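Sequence lines set the chain letters: A, B, ... in the order given, protein chains first and strands last, and positions in each chain run from 1. These figures come from a predicted structure and were not determined experimentally.
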2 protein chains.
Amino acid sequence: MSAVNVTDTREADDVVTSATDAAVNTISNAVSSAAQSYHHGDLRTALLNAAAKRLSEHGVDSLSLRKLAEDAGVSRTAPYHHFKDKSALLSAIAAKGFSDWHSTAKRIFEQEDKTPSARFREFVCEYVGYAAANPEMYELMFGRTIWQNNAATGDLKDVAFPCFQFQVTMTKFWQNKGLLPDNQDALRLAQVTWGTLHGIARLLIDGIYADSSHIQEMCDCAADLFMQASNKV
Amino acid sequence: MSAVNVTDTREADDVVTSATDAAVNTISNAVSSAAQSYHHGDLRTALLNAAAKRLSEHGVDSLSLRKLAEDAGVSRTAPYHHFKDKSALLSAIAAKGFSDWHSTAKRIFEQEDKTPSARFREFVCEYVGYAAANPEMYELMFGRTIWQNNAATGDLKDVAFPCFQFQVTMTKFWQNKGLLPDNQDALRLAQVTWGTLHGIARLLIDGIYADSSHIQEMCDCAADLFMQASNKV
DNA sequence: ACTTTATCTTGACACCGTCAACATAGCCTT
DNA sequence: AAGGCTATGTTGACGGTGTCAAGATAAAGT
């Protein structure tokens, strides 16, 4: 009865292919661990992958748990065994984004062969460029969807805060190198410089009074502005 | 049959108060023009008022057409006779926000009795202060909800663009007064300075690595930064 | 072998935006 | 004044959403 029941519930409308599917499963199980038996095998990552795909292709707004479940070939409520709710799933995606960005930032910052000034300029461009190139991911990472009401998961904070903190570290370095004014508190200055990049990114992403064809000019202008401010009178 | 039908559909469960309601209507009609007859009288503004209230109290996310309709004492689909869709209603609210902000900005900018420097500093504080004091309205005005996919109404653009343009006008003025570096293109500089304010505002509103207790310090830091940049070497 | 536990399933509920079809009432024309 | 036009209201219905509850299944531990 049990075997019949499985076929009934999952493939009642397609008995022919079920045998084939089973065979494929055996192979793909060994290779990619993507099972199609009653228990999925690695639904969590399957959901995250599907979400990342949908996110970049159709935007954060059209991300529904039900669609993701369908993508993963699983019933609507299955995701709830891996994520507390939708917000938790979004947080998990954003966490990966922060992790990636943190690496990128570090890589740029630690290029010993380039002058601090060049690295600073590159960082500005890369930041805005990343946002413009991955608008939906940026929106998710730095948008209210996740952060409002302190809805962020503990896991997310664990990844995001070091990322924020790094901004302060870099700011201090640039202050020491004379690229940024050292008559300002490092934390405030970090908030303001980051705010500038964040603001430009958001204006670009949301299409408010800024066009992607002007990214380079805007970044240059911002970098000039900051570095000019450090040239004492 | 018609009178009976009205009572049936609208107050079938409360025949007792219907007479009282009618009496009240006669009065309130003369005074506040808020009718409760079959035709509401001024549903459009009633909806906008209800929306503004809900917006500030419960946030943009919990704004549903159905709730607004209920607030206005009207059926779910009635709003569709006044707004094409939900987005149009949100645009209308945002339009009022832009109109208000534009006035505020002008008022600050045109204070002849204060020095340009003082006005600049005040503008920075007022901008961020407005955002922090009206987070939901700010989110609506400058958030992706309205602007993404070029979904903004023509009416909205008509109000918002002059508001954006004013930012450039002010920037030029401050450049002329030597408060902002004049070796930068006014449009770019306006985008960057505005971006800074926008970014700070968003970080504050979304609660990302910035706390409302530091608003003043952050504004001062930003203003210092910009004005320092104009002091040539 | 038995039980526990993790995982997945269907069913159900309360929302939501929106369309279609119909009802009402105020206004305009004749 | 009578009759129709149009603006504005109404209910009904559809497909979509997140989420809970209760039951089915399989794997893992005893």
Taking 4.0 Å as the cut-off, does a side-chain nitrogen or oxygen of [X] come that near to OP1 or OP2 on [N]?
| X | N | answer |
| --- | --- | --- |
| His81(B) | dT6(D) | no |
| Lys67(B) | dC16(C) | yes |
| Ser75(A) | dC8(C) | no |
| His82(B) | dA7(D) | no |

Rounded to whole angstrom units, what separation is found between the [atom1] atom of [X] and the [atom2] atom of [N]?
| X | N | atom1 | atom2 | result |
| --- | --- | --- | --- | --- |
| Lys86(B) | dC19(C) | NZ | C1' | 17 Å |
| Arg44(A) | dC8(C) | CZ | C1' | 17 Å |
| Tyr80(B) | dA13(D) | OH | C1' | 14 Å |
| Asp61(B) | dT17(D) | CG | P | 17 Å |
| Asp42(A) | dA26(D) | CG | P | 19 Å |
| Arg66(B) | dG15(D) | CZ | C1' | 12 Å |
| Leu47(B) | dT8(D) | CG | P | 12 Å |
| Leu68(B) | dC15(C) | CG | C1' | 15 Å |

How about [X] and [Y]: are their ring centroids closer than 6.0 Å?
| X | Y | answer |
| --- | --- | --- |
| Phe123(A) | Tyr130(A) | no |
| Phe164(B) | Trp194(B) | yes |
| His102(B) | Phe109(B) | no |

Checklist entry - Does any N or O donor sit under 3.5 Å from an N or O acceptor when you compare the side chain of Thr77(B) with the base of dT18(C)? => result no

Item to check | Quiz item: Arg76(B) side-chain donor-acceptor pair to dG12(D) base, under 3.5 Å | outcome: yes

Next on the checklist: For a salt bridge (charged side-chain N to carboxylate O under 4.0 Å, His left out) check, start with the C-alpha distance between Arg76(B) and Glu70(B), then their side-chain angles and the critical distance, and finish with the verdict.
Outcome noted: CA-CA 7 Å; Arg76(B) 344 174 207 104; Glu70(B) 194 176 3; over 6 Å; no

Checklist entry - Where the side chain of Ser99(A) meets the backbone of Ala95(A), is there a donor-acceptor pair that is under 3.5 Å apart? => result no

